[in-house]
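Nothing here was measured: the structure is a model prediction, and the numbers come from that model.
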Amino acid sequence: RPRAPRRGVVVNEYEPGDTVEYRNAAGETRKAIVEEREPLIQDGRPGFIGVDDDTGELCWGYDEQIVAVTKRVFPHV
């Protein structure tokens, strides 16, 4: 059964280009730049595919693991 997101985090408000902070299965907090959202990433649960902010490697996570979202800021042209 999917767990509810942490209080105060509205996971439906993230989109590609945003940075999500999430807690992985090992309990570590990681940051990733979202490449795409997936309605059924695994086990019938919604999530994201992204690039790890530290390693540059592809990663994925469930929406329920997200603890914070930083919206992408477009530079002024």
*Mark yes or no for whether Asp52, through its side chain, and Cys59, through its backbone, hold a donor-acceptor pair below 3.5 Å.*
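Answer holds: no.
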*About how many Å separate CZ of Arg23 and CD1 of Ile66, when rounded to the nearest 0.5 Å?*
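These two atoms lie 12.5 Å from each other.
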_Considering all heavy atoms, the nearest Ala25-Gln65 contact_ = N-NE2, 3.8 Å
_Could you report the tightest heavy-atom contact between Arg72 and Asp18, atom names first, then the distance?_
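Closest approach of Arg72 to Asp18: N-OD1, 2.8 Å.
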[Y] side chain reached by [X] side chain, heavy atoms, under 4.5 Å:
X	Y	result
Glu57	Val51	no
Thr70	Tyr14	no
Asp53	Ile33	yes
Ile49	Ile41	yes
Arg30	Val20	no

*Got a sec, which pairs hit ring pair (Phe, Tyr, Trp, His ring centres under 6.0 Å) with one end in residues 18-41, sequence neighbours left out?*
Tyr22-Phe48
*Output all residues satisfying salt bridge (Lys or Arg N to Asp or Glu O under 4.0 Å) with Glu38, sequence neighbours left out; order by chain, then residue number.*
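Residues passing salt bridge (Lys or Arg N to Asp or Glu O under 4.0 Å) with Glu38: none at all.
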*Below 4.0 angstrom, N of the basic side chain to O of the carboxylate: do Arg45 and Glu64 qualify?*
yes
_Glu15 with Lys71: basic N within carboxylate O range, under 4.0 Å_ =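 Yes, Glu15 and Lys71 are salt-bridged.
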